[in-house]
Enquirer: 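Pasting in a structure now, in structure tokens, and then I'll have a few things to ask.
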Amino acid sequence: MNTPLWEVFVRARNGLAHKHVGSVHAADATMALQAARDVYTRRGEALSLWVVPSHAIVASDPADRESLFEPTGSKIYRHPTFYEVPDEVGHM
Amino acid sequence: MATTSIALDESPRIRTLLTLADDALILGHRLSEWTGHAPTLEEELALANIALDLIGQARALYQATGIDEDALAYLRDPHQFRNALAVELPNGDFAFTIVRLFLVSAASDAFWRGAVGADDPDIAAIAGKAEKETAYHVRHAADWLVRLGDGTAESHRRAQSALDALWPYTGELTASADRPAWLHAVGPVLQRATLTPPADGWMQSGGRQGRHTEHLGHLLAEMQVLPRTYPGATW
Amino acid sequence: MYTQALNTRETTTESSPDADRFQARIDAEERIEPNDWMPDAYRRSLVRQISQHAHSEVIGMLPEGNWITRAPSLRRKAALLAKVQDEGGHGLYLYSAAETLGVTREELQDQLLTGRARYSSIFNYPTLTWADIGTIGWLVDGAAIMNQIPLCRCSYGPYARAMIRVCREESFHQRQGFEIVLTLCRGTPEQKAMAQDALNRWWWPCLTMFGPPDTDSQHSDTSMQWKIKRFTNDALRQKFVDATVPQGHFLGLTFPDPDLHLDEATGHWQFGAIDWAEFRAVLAGNGPCNRERLEARRKAHDEGAWVRDAALAYAAKQRNAA
């Protein structure tokens, strides 16, 4: 049996979101967390770590990209630049 | 015949520093021998991290003596080393390495936590850093120990056999007054690992007095070869 | 540390609407991500190159690891251990990148241990003296940097991201090596001789690290077309020689190449003929240390089996108890 794969996420500083950095192999969550610490935080890169079983990640299919993400492109009224505010009003 | 070895006049303070430093250096050296040969790539990095922590501790402690760190590491003869015998024993299999790391780190952990408030400012400063490092070493070794002890029949047998072999060397890991606390610290982990601690009986000792096993001479011959072969050279 | 340009060429060029769209994305400098459509040949080519690169890092731990226990000062010992540890880390990042392409680390390691996969031939040479450790850092890591910086812009996202991490961490490796060689060159006559001997042994193998000459190419190089690779072997090799020769002269060392000279017209250092027969022999398994290197990794793998089994057995027990 192969040792399970875990995706590793690192929070570099408080205030930032955890960011995906790579993966490790480990038999269980405890050892995965230690492996992630030893592999991905050797230069003070982290204040917090997440490990997630790779198989637990559900990803969108690139083939669905157009149907999932393109419809939003036409909804320009969601962006502040859609609206006109006279210069005299100042920053809004 | 000319010798490159240094002579030391050991004050009690220097002796304390050397005892701590030699434990860290020799264990760090043993752990570094795993590089390229560990059971998994992840564990390569883990063991190297621990070895680096220990070599770093050794350097800080040697420097606190006021004597050149490399003279202390490379130009002392085996009988001048103060490390416990347990740390100089060959690595054996991964079970032996982990059991030793756990037993030794449990003693260091208690020592460093206590030393944070030491009167000697150098020791207190080193303790501030070492206690965090050592706490992780205990954790890593304990987590592995539980998996080896309570893993397969083979891993259990190897872990128990390492524990039996190492137990007689644990007498000099702590001052005798501190042994009950050490036993109290290691007991629950051994229990979780389904391992049986051997009864305290005859203890092998001598490291603190410079009476070592045959293994230290070989370890030092390898470690010291360049400074001994080219006296006075800078590297 | 280093991937060798082994010219893993794919000659199959698919032509289909998908393949055309794919090439258009590459041409537009878009990154390809794991679940995106990609030609099978692109996937195979990447798996092969990334895994060869990962194997090279892991095998590369052995020649340098050979001196960790004999490093001549505590400062050097810590630096070398940290460097060799980094090589292991880089192998791991690269296996991770390869795994996004649908292979497992176990399969890739199996290819290595059964001799079906290649790794950089440079690690089949022995580290005989402490000067070899400095020289590997200076030359081998120097060559690696030449090769790896362009890979940070490789078209495959996970590989490019792994390489960015690798390059950031490697920045100390070459300097560490150069400092060792510099110290030897400024030391006793014996130390300087040690440095010269190391350069004599490592120089030519380092030049072969960039792979066969471009004139050997018979097919159009799809790696370039796919932007897995961005410079030719000869271009990178020349860049390395031009950067390294002045450093060697600064050290007061002599390169073991009587034909080496500066071409005033081009500003490039011209070097003599490389012995490609030796390169091919080492690559084919007949270098000084090929067998030892693989044997060491096999032994580590075999002796680690019960440990990995124990961890899995414990995890299974915990799951069942939960």
Side-chain angles (χ1 to χ4, degrees), chain B residues 25 28-49 51-52 55-56 58-59 62-63 69-70 72-74 93-95 98 144 146-159 193 219 222-230 232-235, chain C residues 54 57-78 80-82 84-89 91-92 95 105 109 129-130 180 183-184 186-188 190-191 194 293 296-297 299-301 303-318:
Chain B
L25 178 67
H29 182 101
R30 283 299 188 208
L31 289 172
S32 79
E33 291 174 357
W34 277 99
T35 309
H37 311 283
T40 67
L41 205 41
E42 281 78 1
E43 195 56 23
E44 295 273 3
L45 275 85
L47 293 174
N49 269 347
L52 284 168
I55 292 168
R59 293 185 66 188
Y62 287 141
Q63 285 161 12
E69 60 172 10
D70 289 325
L72 290 171
Y74 291 92
D93 62 8
F94 186 70
I98 287 297
W144 261 121
V146 167
R147 279 153 187 78
L148 299 183
D150 193 17
T152 63
E154 179 178 8
S155 67
H156 178 86
R157 175 182 62 71
R158 287 176 181 264
L219 184 154
E222 182 177 347
M223 188 175 91
Q224 298 178 338
V225 63
L226 284 172
R228 296 282 194 174
T229 310
Y230 303 94
T234 303
W235 300 94
Chain C
E57 301 280 357
V58 171
I59 295 277
M61 298 175 79
L62 297 169
E64 291 186 276
N66 182 36
W67 281 89
I68 290 172
T69 55
R70 291 178 291 170
S73 73
L74 295 180
R75 179 172 177 268
R76 295 277 181 231
K77 190 189 280 294
L80 180 59
L81 179 52
V84 179
Q85 180 194 43
D86 273 351
E87 312 299 2
L92 205 151
Y95 283 125
R105 193 197 295 177
Q109 280 178 337
T129 73
W130 173 248
I180 291 174
T183 307
L184 295 174
R186 289 179 174 168
T188 65
E190 285 161 308
Q191 286 177 301
M194 206 184 267
R293 300 287 184 249
R297 289 307 304 170
K299 186 164 178 277
H301 183 78
E303 291 181 358
W306 69 268
V307 178
R308 298 188 297 273
D309 289 347
L312 288 170
Y314 177 81
K317 282 186 204 175
Q318 297 301 111

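The chains referred to below are lettered A, B, ... by the order of the sequence lines, with proteins before strands, and numbering in each begins at 1.
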Enquirer: For C:Gln318, give me all partners under side-chain contact (heavy atoms from CB on, under 4.5 Å), at least two apart in sequence or on another chain.
Expert: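 side-chain contact (heavy atoms from CB on, under 4.5 Å) check on C:Gln318 returns C:Tyr314.
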Enquirer: How far apart are the closest heavy atoms of C:Ala71 and B:Tyr74, and which atoms are they?
Expert: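 Answer, listing the atom of C:Ala71 first, then B:Tyr74: O-OH, 2.7 Å.
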Enquirer: Please walk me through it: do C:Arg297 and B:Glu44 pass salt bridge (charged side-chain N to carboxylate O under 4.0 Å, His left out)?
Expert: CA-CA 12 Å; C:Arg297 289 307 304 170; B:Glu44 295 273 3; 3.4 Å; yes
Enquirer: For C:Arg186, enumerate each residue passing the side-chain hydrogen bond (donor to acceptor under 3.5 Å, both in side chains) test, keeping only those at least two apart in sequence or located in another chain.
Expert: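 Listed in chain order: nothing, the list is empty.
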Enquirer: Can you name the closest pair of heavy atoms from C:Arg75 and B:Glu69 and give their distance?
Expert: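 Reported closest heavy-atom pair: N-OE2, 4.4 Å.
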Enquirer: Between B:Asp70 and C:Ser73, what is the shortest heavy-atom contact and its length?
Expert: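 It is OD2-CB, 3.3 Å.
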Enquirer: C:Gln85 pairs by side chain to side chain contact (heavy atoms under 4.5 Å, CB included) with which of B:Asn49, B:Leu47, B:Thr35?
Expert: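 Considering B:Asn49, B:Leu47, B:Thr35, a side chain to side chain contact (heavy atoms under 4.5 Å, CB included) with C:Gln85 is found only for B:Asn49.
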Enquirer: What are the two closest non-hydrogen atoms of C:Met61 and B:Gly36, and how far apart are they?
Expert: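 Heavy atoms of C:Met61 and B:Gly36 come nearest at CE-N, 4.0 Å.
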Enquirer: Side chain from CB out, backbone as N, CA, C, O: work out which of these in B:Leu25 comes under 4.5 Å of a heavy atom of chain C, or both, or neither.
Expert: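 It is the side chain, since no backbone atom gets that close.
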Enquirer: Assess whether a salt bridge exists between B:Arg158 and C:Glu303, defined as any Lys/Arg side-chain N lying under 4.0 Å from an Asp/Glu carboxylate O.
Expert: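 So B:Arg158 does not pair with C:Glu303 through a salt bridge.
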Enquirer: Report yes or no: does B:Arg147 contribute a side-chain atom to a donor-acceptor pair with the main-chain N or O of C:Arg308 at less than 3.5 Å?
Expert: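 Answer holds: no.
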Enquirer: With a 4.5 angstrom heavy-atom cut-off, is it the side chain or the backbone of B:Ala153 that approaches chain C, or both, or neither?
Expert: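 Neither part, no heavy atoms under 4.5 Å.
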Enquirer: To check you understand the geometry: which heavy-atom pair defines the closest contact between B:Leu52 and C:Ala78, and what is its length?
Expert: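 Heavy atoms of B:Leu52 and C:Ala78 come nearest at CD2-O, 3.3 Å.
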Enquirer: Using a 4.5 angstrom heavy-atom cutoff, name the option from C:Leu62, C:Val58, C:Leu184 with the most pairs to chain B.
Expert: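 Top option by heavy-atom pairs under 4.5 Å: C:Leu62.
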Enquirer: Answer with side chain, backbone, both or neither: which region of B:Trp144 has an atom nearer than 4.5 Å to a non-hydrogen atom of chain C?
Expert: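 Only the side chain of B:Trp144 comes within 4.5 Å of chain C.
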Enquirer: Minimum heavy-atom separation for B:Ala38 to C:Ala300, with atom names?
Expert: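 For B:Ala38 versus C:Ala300, the nearest heavy atoms are O-CB, 4.1 Å.
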